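Working notes, beginning with the structure itself.
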Amino acid sequence: MQDSAQVVIIGGGIVGCSTAYHLTKMGWKDVVIIDKGELTSGSTWHAAGLVGQLRSERNITRMLQYSVSLYDQLEAETGFATGWKMSGCLHLASTKERMYELKKGATTARSFGLEMNIITPREAYDLCPIIDLDGVIGAAYMPTDGEADPSGITQALAQGARSRGAKIYRNNLVTGFEFDKNRVTAVKTKEGLIKCEILVNCTGMWGYQMGEILGINIPVVPFMHQYAITNPIKDLPPKLPTIRDKDNLIYYKEEVGGLVMGGYERNGIPWAIDGVSNNFNSNLLDSDFDHFIQLAEPATKRTPCLEEAGIRKLINGPEGFTPDGDAIMGPAPERDNVFVAVGFNAFGIAAGGGAGRMMAEWIIEGEPSLDIWPLDIRRFGPYHRSRRYNVERTAEIYGKHYTIHWPAEEHDSARGIRRSPLYFPLKEKGAVYGAKYGWERANWFAPQGVAAEDDLTFETPNWFEHVAAEHKNARENVVLIDQSSFCKFEVQGPGALAFLNRLCANQIDKPVGKVIYTQMCNDRGTIECDLTVGRLAEDRFLLVVGTAFGQRASWWINNHMPADGSVFVQEMTSAYAVINVIGPKSRELLQKLTNADVSNEGFAFGTCKNFTVGYAPVTSFRVTYVGELGYELYIPTEFAVHVYESLWQAGQELGIKNAGYRTIASMHLEKGYADWGSELTPEYSPFDAGLGFCVALEKDDFIGKAALARIKTEGARLRLCTFTIAAETPLMLQSSAPVIYKGKVLGVTTSSGYGHTIKKNICYAYLPVEAATAEQGYEIEVYKKVYPARLESSRVLYDPARKRILM
Ligand SMILES: Cc1cc2nc3c(=O)[nH]c(=O)nc-3n(C[C@H](O)[C@H](O)[C@H](O)COP(=O)(O)OP(=O)(O)OC[C@H]3O[C@@H](n4cnc5c(N)ncnc54)[C@H](O)[C@@H]3O)c2cc1C
């Protein structure tokens, strides 16, 4: 084996080979793949080979769409047989909720020109005359889905990489690494040492244990996954599409005159959770017929020919699954030069082509061309280090692989991990909790006599009217919202100001006591992080970031830290609980409990101040996330219950209520505020998002300044628009709904919900600037139904100061 390479990829499955294929295609030739066995000898060789494109996230579907376009020409390019057939995929629905889901998929697919047709049961039968239509109420057909020979595709990708210079070393176990501080400098293998500049971990279900050696947390859990291969079926029609009958938890594909049939049982079986043997090469597990029967029984009803043919073989192959059902990709936060692409949750063949391209772009260009945050390794938090958490949650997610994904659905396993000090007091008052980033957060409060639980529905949910009441109280009186899950960092030291001014697009050099809303941008001038910064002292700042983005923010901050020791960064999330006091009577309430002047003159909007509330010291930011008069109280954790009790008691005569995150969502839409992860992502610049006022181009050099100056001069290409839809009943709006004008899709929705003050459905969407000029004539498609939408001239739909609806 050679003794050095620019990039070493561990793992010669489809993902490792695709990464090498795309790296070399983009011009990097000095690429090496090392596998402990033969190529494909992990999960790839025994995959069933269905290549579906539809996922719930728009950009992941686009990534899979790229796989299809690649597989369509790979055989011609490399001369290797790939078995690729664009056979189409038939999705069956036996419930009205499943129809909603199919319509949602078809609507999303339309947003980027992917064909997915809603069809009748009869049309489904015509496409696939082996199915029994009993119970089927509708279907969808995706003509460009297909099937492939997983080994053939992988060998073709490897050949493509090889032909452009990549080297592949098989039967060579990677045993360890040499490090220099945070960098991997060399890979230790059975056949010797190989130095590298960049390491890519593509070890599939071995990802977790490889992560342990690398000092990287990779929450992959291997699960058994079975499918049956039937004997040849007499008169099986040619050109059958693949089938997904998710209400029965099963899938099918045609295979040499018979069928492959598998599925996702509710009680999946984890395997080798402490580590998969390195000798597990091209192996299978023992077939488990008793376990498989729960899938086989409905399958014989849906396709009676299966029973006649009988099962020839039951394949039981393990595969890496993850606690949220999405793959794990991107730069490992714990190391400076290690990338990860593992845990493909049984869609690695479908994802492989696109995933390899995303990885190559990430490595060479610093960012993938699609924002694939749901797959980004930085989405995981410290609690994902718990193997117990990962196994329990992955088991639930495996069992829900084919079940309906309800709007606002929460999960049941591994709950109660991160609880604010107010968890129990709020529970007593009817809090209905959801989980975000491990935190239990009150979504809404069930009044006495109302069951404290969510209905799962695609129609108006049971919590709707109670959220409306919380919202009303926030507009008319005062509410308390526990926002302790905010991620907080303290940045201090003699270099702190200069450091933050280099990271942030806004001017941070403001007087002590100011609160600054800002974005951190990358060199392309697009958004990496959205935060507020409170200047607590000349050299001390409190940074507040959304709950789920702490890991990403801290990665960005730490990656840009000066080496001279002049800046010290400390995460303070657990140190401060946060109570948000919101509403026109919030000032009166707070004033009852403090000697500090909290009037507008004494405590202006956009400033911060230290004072006491009751017996407790607090730092308060005079900002809110919802656009009402309000105060965020940052309270040393042990004082939080006391502050809450004091506010609650003093607020009785002011009509105080508790409110939850669903009220926040409704109010912040009416205020026109944008959200990190939805509107604010590396795909968009602050100018696209209407946040040009947060870009201080007059200040000295900062990251992204040149690009932002150019965007400002040339003009933003996109505009973040607010649409309202007047409908007879509130709509459960889906994400990524197409916005249509004169029959043409101009953009897709990013956030949406119901504005309880303006009594309309609200959607945000980016539109090309030149297309965002009319007021009427737009349409938004939701679950295949088209609604007229109005483009509002103002992003702010309600002005609390004047109590006026601005539309
Ligand atoms: C039964 C079954 C059916 C499936 N059906 C489908 C399907 O129809 N469609 C679909 O899209 N997906 C399907 N999948 C999923 C798909 O097989 C996987 O997602 C995909 O193969 C993962 O590819 P990978 O490259 O990430 O991992 P792998 O193929 O597992 O490759 C990882 C490689 O890393 C190597 N490695 C690990 N540790 C080391 C080490 N220390 N040193 C050197 N090398 C190492 C291994 O030898 C292995 O070759 C199925 C999976 C199973 C189990």
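A quick note: this is a predicted structure, and the numbers were derived from the prediction, not measured. If you read the sequence from its start, that first residue is 1, and numbering goes on from there. In each ligand, atom 1 is the first atom listed, and ligand 1 is the first ligand listed. Side chains are part of it too, since the values below use all heavy atoms of this structure and drop only hydrogens, waters and symmetry mates.
- Residue Ala47 has no N or O atom closer than 3.5 Å to an N or O atom of ligand 1.
- At a heavy-atom distance under 4.0 Å, only side-chain atoms of Tyr227, from C-beta outward, approach ligand 1.
- A donor-acceptor contact closer than 3.5 angstrom links the side chains of His411 and Lys400.
- The protein atom (non-hydrogen) at minimum distance from atom 39 (C) of ligand 1 is Lys36 CD, 3.7 Å.
- Protein heavy atom nearest atom 28 (P) of ligand 1, with residue, atom name and distance: Ser43 N, 3.5 Å.
- Neither the backbone nor the side chain of Cys17 has any atom closer than 4.0 Å to an atom of ligand 1 (non-hydrogen atoms only).
- Counting only non-hydrogen atoms, the option in Pro222, Ala346, Ala341 that gets closest to atom 12 (N) of ligand 1 is Ala346.
- The part of Ile10 lying near ligand 1 is the side chain, judged by heavy-atom distances below 4.0 Å.
- Using cut-offs of 30° and 60° on the angle between ring planes, the pair Tyr383 and Tyr389 is perpendicular.
- Thr44 OG1, 3.4 Å is the protein heavy atom nearest to atom 23 (O) of ligand 1.
- Under a 4.0 Å criterion applied to the non-hydrogen atoms of Gly49, ligand 1 contributes the atoms 7 (C), 8 (O).
- With a 4.0 Å cut-off on non-hydrogen atoms, Ala351 does not touch ligand 1 at all.
- An N or O contact shorter than 3.5 Å is missing between Val342 and ligand 1 by distance.
- Nearest non-hydrogen protein atom to atom 49 (O) of ligand 1 is Asp35 OD2, 2.6 Å.
- Counting the atoms of ligand 1 from 1 in the order shown, those under 4.0 Å from a heavy atom of Gly317 are 53 (C).
- Taking 4.5 Å as the limit, some side-chain heavy atom of Tyr169 sits within range of a side-chain heavy atom of Gln2.
- When only interatomic distances are considered, the shortest N/O to N/O separation between Gly348 and ligand 1 falls below 3.5 Å.
- Residues Glu265 and His291 have side chains that bring a donor and an acceptor to within less than 3.5 angstrom of each other.
- The closest non-hydrogen atom to atom 16 (C) of ligand 1, taken over His225, Glu147, Arg170, Glu319, comes from Glu319.
- No N or O atom of Phe344 sits closer than 3.5 Å to an N or O atom of ligand 1.
- Ligand 1 has no nitrogen or oxygen under 3.5 angstrom from a nitrogen or oxygen of Thr40.
- With respect to atom 34 (O) of ligand 1, the closest heavy atom belonging to the protein is Gly11 CA, 3.3 Å.
- Applying the 4.0 Å criterion to heavy atoms of Gly42 picks out, from ligand 1, the atoms 30 (O), 48 (C), 49 (O).
- Between Asp324 and Arg379 there is a salt bridge, since at least one side-chain N of the basic residue sits less than 4.0 Å from a carboxylate O of the acidic one.
- Figure legend: cation-pi geometry between Arg183 and Phe177 absent, as NZ or CZ is not positioned both under 6.0 Å from the six-membered ring centre and within 45° of its axis.
- Counting heavy atoms from C-beta outward, Met358 and Tyr66 have side chains that stay 4.5 Å or more apart.
- Looking at Ser736 and Arg58, their side chains never bring a donor and an acceptor atom within 3.5 Å of each other.
- For the 3.5 Å distance criterion, the side chains of Thr189 and Asn172 qualify, holding a donor opposite an acceptor.
- Counting only N and O atoms by type, the side chains of Arg393 and Ser413 include a donor and acceptor under 3.5 Å apart.
- Judged purely by distance below 3.5 Å, without hydrogens or angles, the side chains of Gln65 and Arg62 never pair a donor atom with an acceptor atom.
- Between Leu173 and ligand 1, no pair of N/O atoms sits closer than 3.5 Å.
- Not less than 6.0 angstrom separates the ring centroid of Tyr251 from the ring centroid of His401.
- Contact check for Asp30 versus Glu197: no side-chain heavy atoms found under the 4.5 Å cut-off.
- The protein heavy-atom contact nearest to atom 9 (N) of ligand 1 is Leu50 O, 2.8 Å.
- Looking only at protein heavy atoms, the nearest one to atom 27 (O) of ligand 1 is Gly204 CA, 3.6 Å.
- The protein non-hydrogen atom at the shortest distance from atom 24 (P) of ligand 1 is Val15 CG2, 3.9 Å.
- In summary, the atoms of ligand 1 found under 4.0 Å from a heavy atom of Pro318, numbered by their order in the structure, are 53 (C).
- Judged by the 6.0 Å and 45° rule, Arg387 forms a cation-pi pair with Tyr208.
- Only side-chain heavy atoms of Met210 come within less than 4.0 Å of ligand 1; its backbone N, CA, C and O stay farther off.
- Heavy-atom distances between His46 and ligand 1 reach below 4.0 Å in at least one pair.
- For Glu255 and Tyr227, the side-chain atoms include no donor-acceptor pair closer than 3.5 Å.
- The pair Lys246-Glu101 fails the salt-bridge criterion, with no side-chain N (NZ, NE, NH1 or NH2) lying under 4.0 Å from an Asp/Glu carboxylate O.
- Applying the 4.0 Å criterion to heavy atoms of Phe347 picks out, from ligand 1, the atoms 10 (C), 11 (O), 12 (N).
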